[in-house]
Amino acid sequence: MVASTSTRQLWVEPWLAALPAPAGELGPVQQRGRAALARTPLPAARAEEWRFTDLSLLAQLPVASVAAAVERPLPAPQPGALRLHWNGREDPLQGVELPAGLQALTPTDLAQGLGHTLAATGCEQHWPVELNQACAERVLALRVASRQRVNLELISAAGEGLQPLRLLLLLEEKAELDLSQLVSAEAAGLHSLVVEVHLARSARLQHGLVAFGRSDAALLAHLAIEQEPESQVSLSQVVAGWGLARLEPRVVQVDGGAHTILRGLQVVDGQQIADTHSQLEFRGPEGQLDQLHKAVAAGQGRSVFNGAVRVPREAQRTNAAQLSRTLLLSDRARIDTKPELEIVADDVKCAHGATVSSLQTDELFYLQSRGIGADQAAGLLQRAFCEEVLRDLPAAARAWCPLERLLEARA
Amino acid sequence: MSSSQAVGDLVSQPYKYGFVTDIETEKIAKGLSEDVVRLISSKKEEPAFLLEFRLRAYRQWLQMQEPDWAALGYPPIDYQDVVYYAAPKQQQKKASLDEVDPKLLETFDKLGIPLSEQKRLSNVAVDAVFDSVSIATTYKEKLAEHGVIFCSISEAVKDHPELIERYLGTVVPSNDNYFAALNSAVFSDGSFVFIPKGVECPMELSTYFRINSGDTGQFERTLIVAEQGASVSYLEGCTAPMFDTNQLHAAVVELVVLEDASIKYSTVQNWYAGDENGVGGIYNFVTKRGQCRGDRSKISWTQVETGSAITWKYPSCVLQGADSVGEFYSVALTNNKQQADTGTKMIHVGPRTRSTIVSKGISAGRSANSYRGLVQIGPKAVGARNYSQCDSMLIGDQAAANTYPYIRSQQPQASVEHEASTCRISEDQLFYLQSRGIGFEEAVSMMVSGFCRDVFNQLPMEFAAEADKLLALKLEGSVG
Amino acid sequence: MIRPDAPVLLEIRDLHARVEDKAILKGVNLTIRAGEIHAVMGRNGSGKSTLSKVLAGHPAYTVTGGSVTYRGDNLLELDPEQRARIGVFLGFQYPVEIPGVSNLEFLRVATNARRTEQGHEELDTFAFEDLVRERLKVVQMDPAFLDRSVNEGFSGGEKKRNEILQMALLEPLVAILDETDSGLDIDALRIVAGGVNQLANADNATLLITHYQRLLDAITPDYVHVMAAGRILRTGGKELALELEQRGYDWVDQELAALAAEVA
Ligand SMILES: Nc1ncnc2c1ncn2[C@@H]1O[C@H](COP(=O)(O)OP(=O)(O)OP(=O)(O)O)[C@@H](O)[C@H]1O
Ligand SMILES: [Mg+2]
């Protein structure tokens with residue numbers, strides 16, 4: 001396509017050429033990513049998965065190495081939590097004493113583990129992943145030891161430029177991890193996040209990603225999760241204010257029997273685009289999914305949701321529920337929602353639902369009839385709408401007060 | 001044997017309409033070219049505008065790419081290996097039924113569609129289409145008394161060219177999609193219905209399509225126009241013999257509904273589905289679309305899809321008029337290696353337009369049954385509403401049920417609601433019915449038709465029982 | 001009503017059954033004659049519902065030993081629908097919901113299946129409507145329930161009344177009512193009990209599974225059996241139920257222990 005080649009010429013090729021030679025522990029990965037980007041054109045609307053998501057903003061973003069940001073003040077870390085400042089360039093573990101149960105991966109483990117979950121969830125060749133591979137210089141690679149419980153906070157607040165973040169987490173049997181992650185764009189730039197998590201039997205992960213952007217910033221995030229039986233994952237993303245945000249949470253229950261909770265909240269206004277493509281695949285029996293995706297679209301914002309749930313033959317007695325709810329607040333905003341349910345097993349419970357509407361007039365009226373002003377009533381209802389997702393964030397992420405900033409992002 | 005296995009066995013049933021009528025047929029040579037398009041047009045003695053329409057479509061088709069749908073698998077079709085025109089010999093359309101070849105009447109008798117005066121259905125007018133031509137239309141005169149035109153499209157071209165010219169191709173443009181373009185170039189016959197202003201059609205209209213030849217493509221064209229305040233209920237039925245090759249069926253149906261008018265369009269599709277290994281069967285690639293052009297107009301599609309090797313069809317409603325209403329009620333049953341990709345598009349353009357979608361998919365054997373739907377709310381559709389419900393029933397653990405409901409909205413003062421669920425016939429439900437003395441087969445068929453009830457309720461009364469029976473037939477078999 | 005000369009309707013001999021790999025019934029013996037009302041009581045999980053489902057032929061349960069004869073014929077070799085047609089009725093503890101299947105249609109098909117077996121002619125829709133309206137009175141049910149799907153969205157008590165309505169239509173010879181009293185309010189209990197009494201006669205028999213004396217106050221049993229660990233541990237008259245109400249089931253453990261010792 002014309003648009004994609006020109007966009008590519010505009011920045012991908014010169015950018016690739018300007019990158020420092022592949023080096024360090026990720027040298028081979030960088031090589032691979034660069035080769036892939038040089039080969040593959042930028043995804044274009046022709047491809048079904050990118051139909052509604054225009055990537056032309058990327059060409060306008062500064063993609064030099066990220067500058068440090070003036071950080072907003074954050075509440076103190078949760079008691080017992082380890083807070084790391086992470087920008088993908090410096091080693092966030094430098095001079096940090098890791099709590100009991102948390103270890104950095106050895107080079108051998110890293111070599112074995114890196115890319116495994118991306119492959120298992122079928123996204124190792126996705127363009128945003130290759131982009132991350134092409135430029136990420138470091139990977140934050142951690143192991144939570146068996147039966148240990150760790151509370152981790154990752155803060156990635158960045159100034160202008162490109163921030164490539166790559167995270168690899170291995171949770172051993174019965175390990176538990178609360179992970180609160182903040183990605184915040186304080187200036188124009190591109191933020192690329194690739195997360196891989198492997199959960200052994202009976203491990204538990206509660207992950208909350210809170211991402212605040214600006215209209216001149218983009219976020220491309222892949223969250224790839226592999227779950228062994230009896231493990232539990234709760235994965236929540238709250239994104240607001242990005243010129244372009246594309247999130248791909250992809251979960252595989254390798255032998256079924258695991259429990260997955262997916263939560264998503266997108267807030268778009270102005271000319272922003274938020275696009276979530278989630279996928280859950282059950283590769284064994286008795287898996288569970290509980291998914292709720294919400295979006296608030298105002299201004300000329302555009303919200304895209306595509307939720308795939310795949311239940312192959314071996315996944316008998318799967319129980320999956322997906323619900324997508326969108327609030328359309330302006331007559332120039334747009335939403336595109338597409339659940340995708342693929343089932344080849346007869347003894348399963350799979351339900352999904354979708355609603356699109358504005359605020360309910362009778363709810364508004366009820367509040368107004370109690371003396372609450374129309375704007376305030378609308379605010380209250382929007383808040384309540386968002387709250388259903390926010391309350392499933394891990395404690396630290398919740399404490400970052402996303403609701404206030406969310407509504408701020410809307411204003 | 002587990003009950004789910006037994007249920008699976010039940011769904012396998014021999015096809016009852018697989019016979020071939022031995023009748024001399026006039027066919028043109030295989031293959032498609034501009035000359036073939038001209039030949040078809042001249043055989044039908046068509047006016048120039050129609051030949052132009054066909055040629056334009058043919059040229060567009062040449063430029064188009066055959067769609068390549070991920071979810072449907074079939075070997076490439078050789079479009080030069082298809083006969084584009086076949087008609088039973090001697091068949092200039094006969095003035096009276098007595099002159100129609102008795103073999104043809106017999107064929108339709110055997111299919112349960114008696115055409116002769118004595119036996120024909122009392123409140124249903126039938127247009128019987130055999131391969132590429134309409135061989136008889138009943139009750140024409142009676143309908144004419146009310147100003148209703150019901151005839152084959154070829155006759156309409158001769159008798160009412162101005163109506164054809166005004167409406168043909170206005171709902172489904174000839175370049176709409178690959179198969180619509182092909183149809184527009186070579187369409188053979190089909191039905192034409194015109195209900196004038198203010199007339200409520202006094203009886204059900206129905207067209208019965210029968211494919212007989214093995215190498216002939218079927219390209220029917222149906223056009224129904226309901227003028228201001230008019231209403232009609234129309235039903236189509238389809239069967240074909242069993243061949244071990246695949247036949248292409250690419251029909252186009254266009255509905256035009258003006259102010260306060262309504263069309264109810266029902267389909268009971270039972271084309272030959274191929275054998276249990278997927279050999280043979282019809283490729284049913286159909287474009288059906290209706291436009292609610294006037295305010296308060298209404299289109300209701302009801303379909304019971306049980307046949308065909310592959311079905312690809314999305315009867316759609318373009319809701320232009322304010323307060324217009326679109327409905328889609330569908331039952332799709334697939335078994336063995338059948339593939340069905342069906343659903344609807346509800347395009348809300350006008351204010352306060354409403355649409356309802358109820359889809360019931362039943363997948364058995366190794367079949368794949370997909371619901372694919374689009375609900376689109378345009379920026380002017382203030383106060384529009386849609387409600388969709390898509391339920392799948394799975395029989396056995398090798399059948400696939402997929403649901404792809406697209407929702408696109410640009411209008412905050414509109415609401416869209418979609419629900420989908422999956423179920424199977426549970427052992428406990430079966431046991432409950434059995435423990436009240438109801439036999440296994442009957443229990444299964446009660447539950448399947450219970451599952452489809454919301455859709456069957458929408459069929460014209462005369463056909464609701466038929467549909468139920470058809471499903472029961474599909475479910476008939478040995479209980480192991 | 002006990003009549004020693006009344007014909008035996010149901011004869012259960014040393015019945016063993018399992019579900020999946022779990023043995024649940026471990027030697028049940030029970031003889032039911034025409035005209036009798038039996039009550040089976042026992043702790044949760046003692047196997048009462050299992051017994052009733054085995055008698056009705058539920059496919060999940062496998063009989064591993066013993067025999068059941070119904071009016072002298074082997075009951076166990078029959079399909080569930082055949083058992084129903086010849087007069088064995090099970091009122092379920094948890095009646096399932098069957099969305100989409102109309103209650104009226106279901107009742108008609110079931111009734112006609114039973115009638116055909118009995119050599120009566122089938123009832124057409126009109127005749128059946130008359131019959132069902134008459135039988136509705138037995139359970140004082142609103143005819144509106146006929147137009148709904150089988151049990152769908154029925155309250156607990158409404159489901160149980162629907163069960164008795166089915167019994168009233170099918171006129172079984174042996175009716176097994178599994179906790180038909182649970183979930184009923186006081187009025188409904190009276191109605192259901194009244195229905196059961198009304199339908200009981202000298203030619204048929206009833207097997208009530210219950211936990212509560214209050215049902216037995218309304219329907220007087222001729223025999224009361226106590227089930228424990230998959231067999232009938234003790235049989236007595238209606239006083240046994242009163243005794244259970246006072247003493248609970250603790251004594252069961254002692255007797256089971258004694259039994260185990262005996263075996264050892
Ligand atoms: N399908 C099944 N799978 C596994 N266990 C079962 C199954 N059905 C019954 N059981 C077990 O068999 C035992 C007997 O169950 P049953 O339902 O017969 O008890 P019950 O006497 O009717 O109890 P209640 O008074 O609670 O109704 C219980 O331990 C129960 O858990
Ligand atoms: Mg019980």
Side-chain angles (χ1 to χ4, degrees), chain A residues 48 51-52 285 295-298 300-361, chain B residues 2 4-5 7-8 70-71 361 363-364 366-382 385-427:
Chain A
E48 178 68 25
R51 221 169 114 196
F52 304 114
V296 181
Q300 297 181 53
R302 178 150 205 186
S303 153
V304 182
F305 170 63
N306 188 107
V309 177
R310 308 203 198 284
V311 186
R313 210 176 138 190
E314 57 273 22
Q316 290 290 6
R317 294 177 301 285
T318 293
N319 189 343
Q322 179 192 77
L323 181 63
S324 129
R325 285 166 62 84
T326 307
L327 261 189
L328 202 50
L329 295 179
S330 123
D331 49 12
R332 288 192 297 165
R334 310 181 57 152
I335 75 104
D336 292 284
T337 287
K338 182 187 165 205
E340 274 185 31
L341 210 57
E342 298 185 344
I343 304 173
V344 192
D346 55 346
D347 188 6
V348 297
K349 279 204 194 110
C350 291
H352 62 148
T355 62
V356 183
S357 60
S358 59
L359 291 171
Q360 296 298 311
T361 23
Chain B
S2 82
S4 77
Q5 231 174 325
V7 173
S363 343
R366 297 165 163 275
S367 69
N369 198 327
S370 301
Y371 170 83
R372 192 182 302 276
L374 168 66
V375 174
Q376 184 168 332
I377 313 281
K380 299 207 178 80
V382 180
R385 288 177 169 276
N386 157 269
Y387 173 74
S388 313
Q389 186 190 337
C390 302
D391 299 323
S392 316
M393 180 181 266
L394 287 126
I395 297 178
D397 64 357
Q398 302 194 54
N402 306 323
T403 317
Y404 308 102
Y406 293 63
I407 299 173
R408 313 182 60 182
S409 178
Q410 289 178 266
Q411 173 44 252
Q413 302 305 323
S415 83
V416 180
E417 210 174 311
H418 170 91
E419 280 180 69
S421 74
T422 308
C423 69
R424 64 166 185 160
I425 297 176
S426 84
E427 192 170 68

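Just so we're on the same page: letters track the sequence lines, and every chain starts at 1.
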Subject >> Contact winner vs chain B - A:Gly353, A:Ala345, A:Pro339, heavy-atom pairs under 4.5 Å >> reply: A:Pro339
Subject >> Proximity breakdown for A:Arg325 and chain B, heavy-atom pairs closer than 4.5 Å >> reply: neither
Original post:
Quick one: CD on B:Glu419 to NE2 on A:His352, what's the gap to the nearest 0.5 Å?
Top reply: 10.0 Å
Subject >> Side-chain heavy atoms of A:Leu329 within contact of B:Pro412, under 4.5 Å >> reply: no
**OP:** Side chain from CB out, backbone as N, CA, C, O: work out which of these in B:Ala401 comes under 4.5 Å of a heavy atom of chain A, or both, or neither.
**Re:** both
**OP:** Please indicate whether B:Arg385 has more than 12 foreign heavy atoms, meaning atoms of other residues, nucleotides or ligands, lying under 6.0 Å from its CZ.
**Re:** no
Subject >> Residue, of A:Arg302, A:Glu340, A:Arg334, that accumulates the most heavy atom pairs under 4.5 Å with chain B >> reply: A:Arg334
**OP:** Look at A:Val348, A:Asp331, A:Leu323 and state which one has the largest set of heavy-atom pairs under 4.5 Å with chain B.
**Re:** A:Asp331
Subject >> Those residues of residues 305-317 of chain A, ordered by number, that approach chain B below 4.5 Å (heavy atom to heavy atom) >> reply: A:Arg313, A:Gln316
Subject >> Between B:Ala399, B:Ser388, B:Ser363, the one whose heavy-atom pairs under 4.5 Å with chain A are most numerous >> reply: B:Ala399
**OP:** Quick one: pull up CG in A:Leu328 and CD in B:Gln411 and give me the separation to the nearest 0.5 Å.
**Re:** 7.5 Å
Subject >> Top contributor to chain A interface from B:Leu394, B:Val416, B:Asp391 [non-hydrogen pairs under 4.5 Å] >> reply: B:Val416
Subject >> Interface moiety of A:Glu48 toward chain B, non-hydrogen atoms closer than 4.5 Å >> reply: side chain
Subject >> A:Thr337 side-chain N/O to B:Ile407 backbone N/O, donor-acceptor pair under 3.5 Å >> reply: no
**OP:** Compare every heavy atom of B:Thr422 with every heavy atom of A:Ile343, then report the nearest pair and how far apart it is.
**Re:** CD1-OG1, 3.3 Å
Original post:
What's the shortest heavy-atom distance between B:Ala400 and A:Val344, and which atoms?
Top reply: CB-CG2, 3.7 Å
**OP:** Could you tell me which non-hydrogen atom of B:Ser415 sits nearest to which non-hydrogen atom of A:Ser357, and how far apart they are?
**Re:** CB-CB, 3.9 Å
Subject >> Pairs of heavy atoms under 4.5 Å with chain A: top-ranked of B:Ser392, B:Ala414, B:Ser409, B:Ser421 >> reply: B:Ser409
Subject >> Approximate separation, where rounding is to 0.5 Å, of A:Thr355 OG1 and B:Glu417 CD >> reply: 6.5 Å
**OP:** Work out which heavy atom in A:Glu342 is nearest to a heavy atom in B:Asn402; give both atom names and the distance.
**Re:** CA-OD1, 3.2 Å
